[in-house]
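Presented below is the structure to which this report refers.
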Amino acid sequence: MRIVELNDTTRNHLLENLLKRSPNSYGQYEQTVSEIIDQVRTKGDEALFAYTLKFDKCTITPENIKVTKEEIEEAYNKVDSALVEVMKKSAANITKFHEKQLHNSWIAPENNGTILGQKITPIEISGVYVPGGKAAYPSSVLMNVLPAKVAGVSRIIMTTPPGADGRVNPGTLVAADIAGVDEIYKAGGAQAIAAMAFGTESIPRVDKITGPGNIFVALAKKACFGYVSIDSIAGPSEILVLADETANPRYVAADLLSQAEHDEMASAILITTSRPLAEQVSKEVELFTQKLSRKEIIEKSLENYGYILIASNMDEAIDAANEIASEHLEILTETPYEVMTKVKNAGAIFLGEYSSEPLGDYFAGPNHILPTNGTARFFSPLNVDDFLKKTSIISYSRDALFKVHKDIELFAEKEGLTAHANSIKVRFE
């Protein structure tokens, strides 16, 4: 991995380079995606089935688009029983964590005749998109579905592309069943996003769409936002490790590679105050890479977006980490909890040498659907609140309104909205 001194020039170059990975940088595909969405919106199943045949080489009809109970039972027979048990344990951890995020509706009556409150209601239908083929990750199924279940969403549907044989990845089906998905449909790509956003004869219109996908899926979610809520426009995976001289270079190298193997556009960054550590980590990365199955992807990822930055002190390192706002942030320092208090921007923070990033991907319980491409500056991980609506409640008695009606009328009249003012005034004529 390249080792460079951290300064204004290298930091600005790094940020500029990382932003190139954003889905917002792929406008050349937007016209294609827009055409797919328009076709599905106007022609429904007809367009959906045509695109499935074109892109997935699979003939789908109203009779076979929905996954059957028999197909789910068959999937269980194809998935390692030990993996099924691990998925169940993971699901329990994810559920337990997200149950702590629940809020209650509240009402606050006052002695002056006012009643204010907030009513919390789950959305009615949530849609989950799950990639197919080699990009199928059962862990993401659990992470997308279980917060919705905890929130109380009454109907959760899933779309996932079929293979040419009309079958769906068995791991995806088992994870969906464990998580409690109500309906699974064989549809993928931008056409599946459009189907969930606008509804077709076979697939219902949903209130929210979550889940990862390729650039066409990401752009389709972006285009459909406003007609339907979405989780985010996700970019490639990323990890940033903050480390001092106490960190184990072998652990650091292994953790950086855990994300570099995702994608040729994934980023893996180490910021450290120790040059000896930087050099040791670089050597360990080379040794590990030669042994790992996704060697070519890792090498390309590190060539494009792999960095080891040497900071003059930990405060400088933390400032750079806050500016990068990484999806995953590991803190491997002598005092990780103290360092954590200074971190403002990160999707998930992993503290100490035994809190490796894959712990969060698979098992600990916090959601692994995280903000990418610097959006941790203003976005949060997928959570229960994403599936809840908050409605304000307002009730005033006549006496309570009488005490403030002149104030409201003045405010409205100064804004030139005389009908607003009149709506209050008529009650005291």
Side-chain angles (χ1 to χ4, degrees), residues 18-56 60 65 123-133 135 140 143-145 148 153 156-162 184-237 263 265 327 369-382 386-387 389:
L18 291 177
L19 286 174
K20 292 176 183 176
R21 306 173 313 130
S22 169
N24 292 322
S25 301
Y26 291 84
Q28 69 266 36
Y29 301 118
E30 288 183 347
Q31 183 59 38
T32 299
V33 169
S34 179
E35 290 173 3
I36 292 173
I37 292 171
D38 287 343
Q39 287 293 306
V40 174
R41 186 178 184 182
T42 56
K43 297 183 179 179
D45 276 354
E46 179 187 345
L48 179 63
F49 298 159
Y51 284 122
T52 303
L53 181 60
K54 178 180 179 180
F55 296 125
D56 300 311
I60 292 297
I65 188 173
I123 62 175
E124 291 185 27
I125 307 178
S126 178
V128 179
Y129 182 83
V130 179
S140 285
M143 293 291 182
N144 278 282
V145 175
V153 177
I156 301 175
I157 74 162
M158 175 183 290
T159 61
T160 187
I184 305 170
Y185 296 94
K186 299 173 185 177
Q191 59 273 22
I193 301 300
M196 288 191 284
F198 300 105
T200 72
E201 296 88 337
S202 296
I203 296 179
R205 179 171 63 89
V206 304
D207 301 309
K208 180 159 194 136
I209 299 173
T210 67
N214 61 20
I215 188 63
F216 294 97
V217 169
L219 290 175
K221 289 168 70 176
K222 179 182 177 182
C224 291
F225 177 68
Y227 297 100
V228 63
S229 176
I230 63 170
D231 50 356
S232 64
I233 310 296
S237 188
D263 190 308
M265 295 180 70
E327 177 188 18
I369 312 297
L370 302 167
T372 58
N373 279 106
T375 59
R377 292 180 296 113
F378 45 81
F379 280 145
S380 304
L382 189 70
D386 285 304
F387 302 94
K389 300 175 295 179

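Residue numbers run from 1 in the order of the sequence given.
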Residue pairs passing the salt bridge (Lys or Arg N to Asp or Glu O under 4.0 Å) test with at least one member in residues 194-221, sequence neighbours excluded, are Lys208-Asp386, Lys221-Asp231

What is the minimum heavy-atom distance between [X] and [Y], and which atoms define it?
| X | Y | answer |
| --- | --- | --- |
| Val153 | Glu124 | CG1-O, 3.6 Å |
| Ala194 | Cys224 | CA-SG, 4.4 Å |
| Thr372 | Ile233 | OG1-O, 4.4 Å |
| Asp56 | Pro162 | CB-O, 3.8 Å |
| Thr160 | Pro131 | OG1-O, 3.6 Å |
| Ala190 | Phe216 | CB-O, 3.9 Å |

Side chains of [X] and [Y]: closer than 4.5 Å at any heavy-atom pair?
| X | Y | answer |
| --- | --- | --- |
| Val33 | Ile193 | no |
| Thr210 | Ile369 | no |
| Phe55 | Pro161 | no |
| Pro204 | Ile157 | yes |
| Leu382 | Ser232 | no |
| Asp263 | Ser237 | no |
| Gln39 | Gln191 | no |

Item to check | NZ (Lys54) with more than 12 external heavy atoms under 6.0 Å | outcome: no

Spacing of [X] atom [atom1] and [Y] atom [atom2] [to the nearest 0.5 Å]:
| X | Y | atom1 | atom2 | value |
| --- | --- | --- | --- | --- |
| Ile215 | Glu30 | CD1 | CD | 8.5 Å |
| Ile65 | Thr200 | CD1 | OG1 | 6.0 Å |
| Leu18 | Met265 | CG | CE | 10.5 Å |
| Leu48 | Ile36 | CG | CD1 | 11.0 Å |

Tyr227 meets the ring-ring contact (aromatic ring centres under 6.0 Å, His included) criterion, sequence neighbours left out, with Phe198

- Backbone N or O of Gly188 within a donor-acceptor pair of the Tyr51 side chain at under 3.5 Å? no

message: Using modelled atom types and a 3.5 Å cut-off, is there a donor and acceptor pairing between side-chain atoms of Thr42 and backbone atoms of Asp38?
response: yes

Q | Any side-chain donor near an acceptor of the partner, Gln31 and Glu35, under 3.5 Å | A | yes

